[in-house]
Visitor: 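Submitted below is the structure of interest, expressed as structure tokens.
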Amino acid sequence: MAIDTSELRQQQLEKSRQVVLTDDFATPRLIAGADVGFEQQGTVTRAAIAIMTWPELELIEYQIARIPTLLPYIPGLLSFRECPALYEAWQLLQHKPQLVLVDGQGIAHPRYFGVACHFGLLVDIPTIGVAKSRLFGTHSEIEQQPGSYQPLMDKTQQLGWVLRSKKRCNPLYISPGHKVSLASSLWWVEQCLKGYRLPEPTRMADGIASNRTKFKRMINKSR
DNA sequence: GCGACAG
DNA sequence: ATCTTGTCGC
């Protein structure tokens, strides 16, 4: 398919100016995890959003949306590929969360506008980007000690954090999405860690979106 | 010019 | 991301 990527990148630059990087939310009652998976050789996009209570972190609802894949994967343009499906799932929710952990980068992006920023602006809800690998920014080595972290930098400007969330696991790349500060983005992810590499909301959404049999049992309880 | 590159 | 069982290491 023919895609004018220069136009999409221009949209990102314009939208990035609207992203809010200070805390604009009270202590959340519900925190969500959002992730996307694919079926049929990538022709179908499947988005999952898991709603969990705070501070219990118990799953109370989840929604899945399946739509035809609109774009191929292009580094830097992930939001245009995943947001449509995420928005479909969002509209199905009976409970709207006050904070969302989105898989992928927040402002740690070449245009300072990753998928977490894009989705947060779209639904006007605070979001934090939690990515499993690096896209943009530099950082010094992370100690092996769980809980250790380093700032993720762009020259002299900090974009986020690189956190060793679990022993012998690759670190997490955390950055503000929308209406969240640098300090809070790290703090909330830490609060949602329960012994696994991924924070609970993200881990749950990831399991559901990836259709892992392991998660099919536990999610049946909440319906 | 060459490599890097969220999911 | 996805195709996929056992297996190496802490």
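Quick caveat: nothing in here was measured; it's all calculated off a predicted structure. A, B, ... follow the sequence lines: proteins, then strands. Residue 1 opens every chain.
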Visitor: Across the strands shown, which category fits A/Lys167 at heavy-atom distances under 4.0 angstrom: base, sugar-phosphate, nothing?
Guide: nothing
Visitor: If you look at every strand shown and take non-hydrogen atoms under 4.0 Å, does A/Glu82 touch a base, only sugar-phosphate, or nothing?
Guide: sugar-phosphate
Visitor: State, to 0.1 Å, how close A/Cys117 and A/Pro176 come at their nearest heavy-atom pair, and which atoms those are.
Guide: SG-O, 3.9 Å
Visitor: Reading 5' to 3' and counting Watson-Crick or G-U wobble pairs with both distances under 3.5 Å, write the dot-bracket notation for DNA chain C, | for bases paired outside the strand.
Guide: ..........
Visitor: Nearest heavy-atom pair of A/Leu193 and A/Leu198: which atoms, and what distance?
Guide: CD2-C, 3.9 Å
Visitor: So that I know where these two stand, are A/Phe80 and A/His118 an aromatic pair - ring centroids less than 6.0 Å apart?
Guide: yes
Visitor: Classify the nucleic acid contact of A/Gly76 as base, sugar-phosphate or nothing, counting any heavy atom under 4.0 Å across all strands shown.
Guide: base
Visitor: Kindly say if A/Ser133 contacts the phosphate of B/dC5, meaning a side-chain N or O under 4.0 Å from OP1 or OP2.
Guide: no
Visitor: With respect to the side chain of A/Pro75, which nucleotide from C/dT2, B/dC5, B/dG7 is positioned closest?
Guide: B/dC5
Visitor: Verify the contact: side-chain N or O of A/Arg134 to OP1 or OP2 of B/dC5, cut-off strictly under 4.0 Å; return yes or no.
Guide: yes
Visitor: Classify the side-chain pair A/Ser148/A/Gln145 by whether it contains a donor and acceptor separated by less than 3.5 Å.
Guide: no
Visitor: Under 3.5 Å, is there a donor on one side chain and an acceptor on the other for A/Thr43 and A/Thr69?
Guide: no
Visitor: Atom NZ of A/Lys132 to atom C1' of C/dA1: distance rounded to whole Å?
Guide: 9 Å
Visitor: Which heavy atom in A/Arg164 sits nearest to a heavy atom in A/Asn170, and how many Å separate them?
Guide: NH1-CA, 4.2 Å
Visitor: Using atom CZ of A/Arg81 as one end and atom P of B/dC5 as the other, report the distance to the nearest whole Å.
Guide: 18 Å
Visitor: So do the side chains of A/Ser79 and A/Gln12 get within less than 4.5 Å of each other, counting heavy atoms only?
Guide: yes
Visitor: Write down the atom of A/Ser185, the atom of A/Val180, and the distance for their closest heavy-atom approach.
Guide: N-CG1, 3.6 Å
Visitor: Within the 4.0 Å heavy-atom criterion, would you say A/Gly42 contacts the bases, only the backbone, or no part of the nucleic acid?
Guide: nothing
Visitor: Rounding to an integer number of Å, can you tell me how far A/Leu135 CG sits from B/dA6 C1'?
Guide: 5 Å
Visitor: How many Å lie between CG on A/Asp35 and P on C/dA1, as a whole number?
Guide: 7 Å
Visitor: Taking atom P of C/dA1 as reference, at what distance in whole Å does atom CG of A/Leu70 sit?
Guide: 19 Å
Visitor: Within this structure, what is the CG-to-C1' distance between A/Asp206 and B/dG7, rounded to whole angstrom?
Guide: 11 Å
Visitor: Return the minimal non-hydrogen interatomic distance between A/Tyr173 and A/Arg134, and the atom names on each side.
Guide: CE2-CB, 3.5 Å
Visitor: Check whether any side-chain nitrogen or oxygen of A/Tyr73 sits under 4.0 Å from OP1 or OP2 of B/dA6, and answer yes or no.
Guide: yes
Visitor: May I ask you to say what A/Leu172 touches in the nucleic acid, namely base, sugar-phosphate or nothing, with a heavy-atom cut-off under 4.0 Å?
Guide: nothing
Visitor: Separation of A/Leu78 atom CG from B/dG7 atom C1', in whole Å?
Guide: 5 Å
Visitor: Under 3.5 Å between N/O atoms: give me all the protein pairs with nucleotides 8-10 of chain C, atom names plus distance.
Guide:
none

Visitor: With a 4.5 Å cut-off on side-chain heavy atoms, are A/Cys192 and A/Ile31 touching?
Guide: yes
Visitor: Rounding to a whole Å, what distance do you find between A/Arg111:CZ and B/dC5:C1'?
Guide: 12 Å
